[in-house]
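See structure below.
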Amino acid sequence: AYWSPRAIFRRETGDKQGGTAKEVSSLKPRGFRDFLHVRRTFMRQISITDVTIRQAGKAAGYTLSFREKIELAKLLARAGVSVIELPPVEHVKIDSLLIKSVASAVTQSAVSVPVALSTEGVETVWAALKEAKCPRLQVAAPVSAVQMEYLAGKKPAAMQEAVAATVAACREKCGNV
């Protein structure tokens with residue numbers, strides 16, 4: 001017989017209602033099947049995000065080839081990584097081809113790509129990522145006033161508007177932002 005945690009509680013204590021969540025979670029399972037079900041019911045989901053491919057281009061003196069990036073993405077997906085982050089689009093043709101290749105090769109993990117703070121950036125990334133089974137558009141923005149002015153060339157109010165517009169554009173394309 002397959003038992004729910006509340007059924008196990010009723011069986012052990014004779015309580016007809018099934019007990020509170022605290023009482024049910026304090027119950028020790030009697031058999032192996034009981035243990036497996038209680039463990040599955042009360043376990044938390046752990047999400048692993050891998051940034052190896054994204055960071056490979058930033059490492060001094062070390063880069064991954066196109067083929068190595070695709071093979072690494074396949075291995076990460078097989079290993080059960082929840083999200084595989086790819087580098088942002090800098091060279092449209094090359095990076096779009098990488099995103100399309102990884103998106104078609106990976107079916108078990110979400111594929112995440114950072115977008116530029118503009119609707120054109122969202123369109124460029126989405127054109128490459130739309131074939132993925134689990135696409136994710138990632139909006140990254142500087143948060144300090146100094147970085148906003150020197151990296152993005154915008155004041156905080158303008159940056160807030162740009163982020164809001166970019167997130168809205170991403171939401172139109174993909175539910176996972």
- Query: Counting only heavy atoms not in Glu68, do more than 12 sit closer than 6.0 Å to its CD atom?
  - Reply: yes
- Message: Quick one: does any side-chain atom of Ser104 pair with a main-chain N or O of Ser101 as donor and acceptor, under 3.5 Å?
- Response: yes
- Does the side chain of Val102 reach to within under 4.5 Å of the side chain of Lys69, using non-hydrogen atoms? no
- Note on the structure: In this structure, CG of Leu129 is separated from CG of Asn176 (nearest 0.5 Å) by 9.5 Å
- Would a distance-only check, ignoring hydrogens and angles, find a side-chain to backbone donor-acceptor pair under 3.5 Å from Arg67 to Glu71? no
- Query: Is there a side chain to side chain contact (heavy atoms under 4.5 Å, CB included) between Leu97 and Phe66 once you walk through the steps?
  - Reply: CA-CA 9 Å; Leu97 184 59; Phe66 188 84; 3.8 Å; yes
- Note on the structure: Of all heavy-atom pairs linking Pro114 and Val125, the shortest is O-CG2, 3.8 Å
- Let me see the working for Leu86 and Arg54 under side chain to side chain contact (heavy atoms under 4.5 Å, CB included), right down to the final yes or no. CA-CA 5 Å; Leu86 298 178; Arg54 188 185 77 192; 6.0 Å; no
- Is the shortest side-chain N to carboxylate O distance from Glu131 to Lys100 below 4.0 Å? no
- Query: To the nearest 0.5 Å, how far apart are CD1 in Ile53 and CG in Leu98?
  - Reply: 7.0 Å
- Answer whether the closest heavy-atom distance between the side chains of Asp50 and Glu85 falls below 4.5 Å. no
- Message: Could you see if Val51 belongs to whatever hydrophobic cluster contains Leu75? Use Ile, Leu, Val, Met, Phe, Trp, Tyr and a side-chain cutoff under 4.5 Å.
- Response: no
- Looking at Val111 and Ala103, what are the two nearest heavy atoms and their distance? CG2-CA, 4.4 Å
- Scanning both residues in full, the closest heavy-atom pair of Ser118 with Thr166 reads N-OG1, 3.6 Å
- Query: Do you know which two heavy atoms are closest between Val81 and Ile48, and how far apart they sit?
  - Reply: CG1-O, 3.3 Å
- Message: Tell me the closest heavy-atom pair linking Ala141 and Leu117, and the distance in Å.
- Response: CB-CD1, 4.0 Å
- Query: From Thr49 OG1 over to Arg136 CZ, what is the distance, rounded to the nearest 0.5 angstrom?
  - Reply: 6.0 Å
- Task: Using a cut-off of 6.0 Å, state whether more than 12 heavy atoms not belonging to Lys154 lie near its atom NZ.
- Result: yes
- Message: In this structure, would Val177 and Trp126 fall into the same cluster of hydrophobic residues linked by side-chain contacts under 4.5 Å?
- Response: yes
- Query: Just how far is it from atom OG of Ser144 to atom CD of Glu149, taken to the nearest 0.5 Å?
  - Reply: 9.5 Å
- Can you see which heavy atom on Ala73 is nearest to which on Val106, and at what distance? O-CG2, 3.8 Å
- Task: Any chance you could measure Ser112, atom OG, to Ile84, atom CD1, to the nearest 0.5 Å?
- Result: 10.5 Å
- Do Met159 and Pro142 have side-chain heavy atoms sitting under 4.5 Å apart? yes
- Message: Nearest 0.5 Å, please: how far is NZ in Lys130 from CG in Leu137?
- Response: 12.5 Å
- Task: Kindly determine whether Val83 and Ser109 satisfy side chain to side chain contact (heavy atoms under 4.5 Å, CB included), including the steps that lead there.
- Result: CA-CA 5 Å; Val83 180; Ser109 301; over 6 Å; no
